[in-house]
Trainee: 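Quick one: this structure, given as structure tokens, is what I'll be asking you about.
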Amino acid sequence: MARRLNSPARPDVVPVPGPVRTCIGCRERAAASELLRVTAGSGPDGLPAAVPDPDGTAPGRGAHLHPTTGCYDLAVRRKAFSRALRIAPGAGGFSSVPVGEYVEATASVATTARTDPTDPVNRDWSNSS
């Protein structure tokens, strides 16, 4: 039996070009290019940790996450990093701090770029005459 591409139950779903992955935080599906890949590695202290893989080239099992603080917080609350990366719960305190630091750094760069006062698109025109 062949599957239909457009299901009559979900006619509003538009197919996404390229690979589709699920965010471990919000559990929404998105294009892999929109998500941050995370792998198991070691943190700066040498202990096991979830490590960001922005290029998507690190070997091993990976999980995907929207690069937002909201999705990161949801993933931490749900303990999704160790589950998605298949790390045993007693692995000596599996940390997700490197991913959190990366998300914070990229979020602050993105907000700084959006609020550039010299950008005519983002300029506050309320005080101009």
Side-chain angles (χ1 to χ4, degrees):
M1 174 182 219
R3 284 188 159 177
R4 292 179 53 181
L5 290 177
N6 293 330
S7 170
R10 305 262 334 240
D12 59 336
V13 175
V14 178
V16 178
V20 176
R21 303 289 183 261
T22 302
C23 172
I24 62 172
C26 65
R27 304 291 298 155
E28 289 185 11
R29 293 169 51 94
S33 59
E34 297 175 17
L35 301 173
L36 171 67
R37 184 171 187 260
V38 178
T39 60
S42 60
D45 54 359
L47 295 175
V51 180
D53 179 23
D55 298 331
T57 57
R61 184 169 187 82
H64 293 81
L65 176 78
H66 283 110
T68 62
T69 55
C71 284
Y72 171 75
D73 292 340
L74 281 171
V76 169
R77 187 176 340 142
R78 295 178 56 240
K79 300 178 182 173
F81 289 104
S82 60
R83 187 179 311 115
L85 297 172
R86 296 185 181 172
I87 303 297
F94 188 71
S95 173
S96 62
V97 173
V99 177
E101 291 171 351
Y102 179 85
V103 168
E104 283 290 326
T106 57
S108 66
V109 168
T111 56
T112 303
R114 281 194 306 245
T115 58
D116 182 12
T118 61
D119 185 8
V121 174
N122 295 321
R123 185 172 174 201
D124 181 16
W125 294 94
S126 61
N127 294 331
S128 63
S129 47

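The first residue of the sequence shown is numbered 1, and numbering continues consecutively from there.
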Trainee: For G43 versus P98, what's the shortest heavy-atom pair and its separation?
Mentor: CA-CG, 4.3 Å
Trainee: Under 4.5 Å between side-chain heavy atoms, hopping through other hydrophobics if needed: is there a path connecting L36 to L85?
Mentor: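 Yes; tracing contacts between hydrophobic side chains, which count when under 4.5 Å, links both residues.
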Trainee: According to the salt bridge (Lys or Arg N to Asp or Glu O under 4.0 Å) rule, which pairs have a member within residues 19-30, sequence neighbours left out?
Mentor: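 Sorted pair list comes back empty.
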Trainee: According to the salt bridge (Lys or Arg N to Asp or Glu O under 4.0 Å) rule, which pairs have a member within residues 78-88, sequence neighbours left out?
Mentor: none
Trainee: Are the side chains of C23 and L35 in contact, using a 4.5 Å heavy-atom criterion?
Mentor: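 A side-chain contact under 4.5 Å exists here.
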Trainee: By the side chain to side chain donor-acceptor pair (under 3.5 Å) test, which pairs, at least two apart or in different chains, include something from residues 35-53?
Mentor: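 Those involving residues 35-53 are R37-D53.
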Trainee: Indicate, with yes or no, if V51 and V103 share a hydrophobic cluster defined by side-chain heavy-atom contacts under 4.5 Å among Ile, Leu, Val, Met, Phe, Trp and Tyr.
Mentor: no
Trainee: Give a yes or no on whether Y72 and I24 share a hydrophobic cluster (residues Ile, Leu, Val, Met, Phe, Trp, Tyr; joining criterion: side-chain heavy atoms under 4.5 Å apart).
Mentor: yes
Trainee: How close do F81 and A50 get, counting heavy atoms only, and between which atoms?
Mentor: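 That closest heavy-atom pairing would be CD2-CB, 3.9 Å.
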Trainee: Under 4.5 Å between side-chain heavy atoms, hopping through other hydrophobics if needed: is there a path connecting L74 to Y102?
Mentor: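 Hydrophobic grouping puts L74 apart from Y102.
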Trainee: Let me check something: any side-chain donor-acceptor pairs from residues 60-69 under 3.5 Å, sequence neighbours excluded? List them with distances.
Mentor:
residue: R61; atom: NE; partner: A84; partner atom: O; Å: 2.9
residue: T68; atom: OG1; partner: C71; partner atom: N; Å: 3.3

